[in-house]
Asks: 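Below is a structure I'd like to ask you about.
Given the structure is predicted, the values throughout are model-derived calculations rather than measurements.
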2 protein chains.
Amino acid sequence: MFSQTSRYALRTLAYLATHRDRWVLAREIAEGAGIPPDYLSKILARLRKRGFVSSQKGWGGGFRMKGTGGKVAISAVLETFDGKREKDGCAFGLGRCNAEAPCPLHPHWERIREEYEQMLTLTLCDLKHEGAP
Amino acid sequence: MFSQTSRYALRTLAYLATHRDRWVLAREIAEGAGIPPDYLSKILARLRKRGFVSSQKGWGGGFRMKGTGGKVAISAVLETFDGKREKDGCAFGLGRCNAEAPCPLHPHWERIREEYEQMLTLTLCDLKHEGAP
DNA sequence: ATCTCAATGGATATTGTCATCCACTGAGAG
DNA sequence: CTCTCAGTGGATGACAATATCCATTGAGAT
């Protein structure tokens with residue numbers, strides 16, 4: 001469904017959400033959440049630039065969620081990494097496909113996407129770390 | 001979602017489903033369904049090997065659906081091009097995520113995927129050509 | 001000041017999808 | 001038989017996503 005990178009990002013934030021009290025090493029996140037360490041560093045950089053996490057260099061440093069981080073919706077994270085989702089895309093990839101001229105899958109797909117969007121409104125508070133793959 | 005290639009394949013089959021009475025040129029499908037002609041030839045080859053369509057070389061040739069083609073489920077087409085879908089994958093990409101140890105998205109995701117799988121049981125008969133993108 | 005730790009960021013490698021090009025093969029028209 | 005049409009298939013290219021490597025920067029410990 002969503003990209004590997006977004007999954008990593010969500011797992012990262014879920015991990016940080018369960019350790020809000022301290023600076024967490026990137027290395028620790030990588031192990032704990034099962035993410036390639038060097039790739040994780042890129043993801044963490046984007047999360048920091050986007051304002052979801054803070055970072056601290058040097059001895060005793062690491063990453064932690066920003067104060068407001070827990071109230072961020074999943075959809076905001078996905079948009080950071082996968083770009084904006086097109087909310088009226090057609091499963092068939094047809095250009096003209098809407099309520100008036102629906103493709104055969106339109107009603108089914110419409111309903112599925114609505115539930116999907118609903119799911120993405122959940123916030124990071126809801127995400128708890130569940131272990132590596 | 002499914003891949004671009006699968007979307008092309010479904011559009012192709014939908015187009016052929018609306019012209020079951022004759023041999024249809026690849027070129028015509030490409031124009032009618034909005035698919036890159038040279039790429040379409042690869043897709044048609046796989047559809048033929050898989051037994052969804054027949055082909056006829058030379059003057060007056062082209063492609064058409066096999067007799068049984070209309071009863072093929074969308075899921076069968078997707079599996080041909082995207083490979084088997086893992087029915088119990090986790091949105092988070094976590095390895096251990098099931099009813100006993102669910103990730104926070106599990107119940108939501110479960111329900112969405114069920115509806116999705118339901119949609120894929122529709123057959124090609126249900127797919128009518130709706131024009132290019 | 002100097003050492004070590006840990007994040008930062010630029011360069012590069014790998015992989016798979018999507019796409020194009022073109023030479024070959026088989027079939028009907030004349 | 002020969003010409004043209006149209007599918008077949010191998011080789012190649014463009015590109016993004018994923019992943020790795022390593023040199024640099026900033027910060028605390030001593």
Asks: From the set C:dA19, C:dA7, D:dG7, return the single nucleotide nearest to any side-chain atom of A:Phe63.
Replies: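 Looking only at heavy atoms from C-beta outward on A:Phe63, the closest nucleotide is C:dA7.
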Asks: Which heavy-atom pair separates B:Leu16 from B:Phe63 by the least distance, and what is that distance?
Replies: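 Reported closest heavy-atom pair: CD2-O, 3.7 Å.
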Asks: Contact class for A:Phe81 (heavy atom, under 4.0 Å): base, sugar-phosphate, or nothing?
Replies: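 No contact.
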Asks: I need the CD-C1' distance between B:Gln4 and C:dT20, as an integer number of Å.
Replies: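 Taking CD of B:Gln4 and C1' of C:dT20, I get 15 Å after rounding.
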Asks: Over 60° means perpendicular and under 30° means parallel, so classify the ring planes of B:Trp109 and A:Phe2, tilted if in between.
Replies: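 A:Phe2 and B:Trp109: tilted rings.
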Asks: Between atom NZ in B:Lys49 and atom P in D:dG10, what is the gap in whole Å?
Replies: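 My rounded result for the distance is 7 Å.
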Asks: Need one value for A:Leu44: base, sugar-phosphate or nothing, where a base atom within 4.0 Å counts as base even if backbone is also close, heavy atoms only.
Replies: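 Nothing, no heavy atom under 4.0 Å.
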Asks: Grab the CH2-C1' distance between B:Trp59 and D:dC5 for me, whole Å please.
Replies: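 That distance rounds to 9 Å.
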Asks: Below 4.0 angstrom from OP1 or OP2 of C:dG9, is there any side-chain N or O of A:Ser41?
Replies: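 Checking C:dG9 against A:Ser41, no side-chain N or O comes under 4.0 Å of OP1 or OP2.
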Asks: Using heavy atoms to find the nearest nucleotide of DNA chain D for A:Asp38 and A:Gly58 separately, return the residue whose nucleotide is more 5′.
Replies: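 It is A:Asp38, whose closest nucleotide lies nearer the 5' terminus.
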Asks: Given C:dG9, is OP1 or OP2 found less than 4.0 Å from the side-chain N or O atoms of A:Arg48?
Replies: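 True: A:Arg48 side-chain N/O within range (under 4.0 Å) of C:dG9 OP1/OP2.
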Asks: Look at the side chain of B:Tyr39 and decide which nucleotide, out of C:dC22, D:dA6, C:dA19, has an atom nearest to it.
Replies: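 Within the option list, the nearest is C:dA19.
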Asks: Nearest whole angstrom, please: distance from the C1' of C:dA7 to the CG of A:Leu16.
Replies: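 The answer, rounded to whole Å, is 14 Å.
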Asks: What are the two closest non-hydrogen atoms of B:Cys103 and B:Cys90, and how far apart are they?
Replies: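 Shortest heavy-atom separation between B:Cys103 and B:Cys90 comes out as SG-SG, 3.6 Å.
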Asks: Within less than 4.0 Å of OP1 or OP2 of C:dA6, is there a side-chain N or O belonging to A:Ser55?
Replies: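 No, no such contact exists.
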Asks: Please give, in whole Å, the distance from D:dG7 C1' to B:Trp23 CH2?
Replies: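 One finds 11 Å between C1' of D:dG7 and CH2 of B:Trp23, rounded.
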Asks: Measure NZ/B:Lys57 against C1'/D:dT4 and give the value in whole Å, please.
Replies: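 Rounded to whole Å, this separation is 15 Å.
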Asks: So for B:Lys42 and D:dG7, does any side-chain atom that can act as donor or acceptor lie under 3.5 Å from a complementary atom in the base?
Replies: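 Flag unset: no donor-acceptor pair detected.
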Asks: Expressed in angstrom and rounded to an integer, what is the separation of B:Arg22 atom CZ from D:dA6 atom P?
Replies: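 It works out to 13 Å between those atoms.
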Asks: Write down the distance between CG (A:Leu40) and P (C:dA6), rounded to a whole number of angstrom.
Replies: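 Result: 15 Å.
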Asks: Report yes if at least one side-chain N or O of A:Tyr8 is closer than 4.0 Å to OP1 or OP2 of D:dT18; otherwise report no.
Replies: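 Answer no for this pair, as no side-chain N or O of A:Tyr8 is under 4.0 Å from OP1 or OP2.
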Asks: List the residues meeting side chain to side chain contact (heavy atoms under 4.5 Å, CB included) with B:Glu117, not counting sequence neighbours, and say none if there are none.
Replies: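 By the side chain to side chain contact (heavy atoms under 4.5 Å, CB included) rule, B:Glu117 matches B:Arg85, B:Lys87, B:Arg113, B:Leu120.
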Asks: Count I, L, V, M, F, W, Y as connected when their side-chain heavy atoms are under 4.5 Å apart, and connections chain through other members. Are B:Trp23 and B:Ile35 then in the same cluster?
Replies: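 No; B:Ile35 is not reachable from B:Trp23 via cluster members.
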